[in-house]
Amino acid sequence: MKKIEAILKPFKLDEVKEALTQQGIHGMTVSEVRGFGRQRGHTELYRGAEYVVDFLPKIKIELLLDDEDAAKACRVIEEAGKTGKIGDGKIFVTPVEDIVRIRTGERGAEAV
């Protein structure tokens, strides 16, 4: 099993969700997060004063998939989430040792 965490621009969420659904990948957790990478934020002018906005709004999508589906999901997220501009985001893939469904106590693949 693999856990995929993707950090994306907020306006790309619907496109990514739709692309994943079309590929038969269902079930995700979505969080609103803030952060910055190489773009280092930006400055804004408010009532004549300049402010540095370090943390930009992003969306974090988390998926838990079989190993073979994880590679497909990464390709789909990359294609649907790409704008070609700085700040498009990142995809992190990590192995998952075990999963437990709290309600039933099922473990492993059955718990997904």
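Being a predicted model, the structure only gives us computed values, none of them experimental. We use all heavy atoms of the structure for the numbers below, so side chains are in, but hydrogens, waters and symmetry mates are not. Positions are given from 1, in the same order as the sequence printed here.
Note on Leu65: it clusters hydrophobically with Met28, by side-chain heavy-atom contacts below 4.5 Å among ILVMFWY residues. Hydrophobic clustering (ILVMFWY, side-chain heavy atoms < 4.5 Å, transitive): Ile4 and Ile25 are in one cluster.
The backbone N or O of Gly87 sits less than 3.5 Å from a side-chain atom of Lys58, completing a donor-acceptor pair. Using a distance-only test at 3.5 Å, with no hydrogens or angles considered, a donor-acceptor pair links the side chain of Thr83 to the main chain of Lys85.
Smallest separation of non-hydrogen atoms from Lys12 and Ala80: NZ-O, 3.4 Å. Contact between Gly81 and Leu8 at its shortest, heavy atoms only, is CA-CD2, 4.4 Å.
With sequence neighbours left out, the salt bridge (charged side-chain N to carboxylate O under 4.0 Å, His left out) criterion links Glu78 to no other residue. The side chain to side chain contact (heavy atoms under 4.5 Å, CB included) search around Leu13 returns Val30, Ile59, Ile61, not counting sequence neighbours. Remark: Lys9 pairs with Asp88 by the salt bridge (charged side-chain N to carboxylate O under 4.0 Å, His left out) rule, at least two apart or across chains. Listed by chain and residue number, nothing satisfies the salt bridge (charged side-chain N to carboxylate O under 4.0 Å, His left out) test with Lys2 (two or more places apart in sequence, or in another chain).
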Anything under 3.5 Å between a donor and an acceptor, one on a side chain of residues 67-74, the other on a protein residue two or more places apart or in another chain? List them.
unit_1: Asp67; atom_1: OD1; unit_2: Met1; atom_2: N; d: 3.2
unit_1: Lys72; atom_1: NZ; unit_2: Gln23; atom_2: O; d: 3.3

Give every donor-acceptor pair under 3.5 Å between a side-chain atom in residues 92-105 and any protein atom, sequence neighbours left out.
unit_1: Asp98; atom_1: OD2; unit_2: Arg107; atom_2: NE; d: 3.0
unit_1: Asp98; atom_1: OD2; unit_2: Arg107; atom_2: NH2; d: 2.7
unit_1: Arg101; atom_1: NE; unit_2: Glu106; atom_2: OE1; d: 2.9
unit_1: Arg101; atom_1: NH2; unit_2: Glu110; atom_2: O; d: 3.1
unit_1: Arg101; atom_1: NH2; unit_2: Ala111; atom_2: O; d: 3.1
unit_1: Thr104; atom_1: OG1; unit_2: Glu106; atom_2: N; d: 3.3
unit_1: Thr104; atom_1: OG1; unit_2: Glu106; atom_2: OE1; d: 2.9

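Proximity of Val112 to Asp66: side-chain heavy atoms (C-beta onward) are nowhere separated by under 4.5 Å. By the 4.5 Å heavy-atom criterion applied to side chains, Glu62 and Ser31 are counted as neighbours.
How far CD1 of Ile91 is from CG of Leu63: 9.5 Å, rounded to the nearest 0.5 Å.
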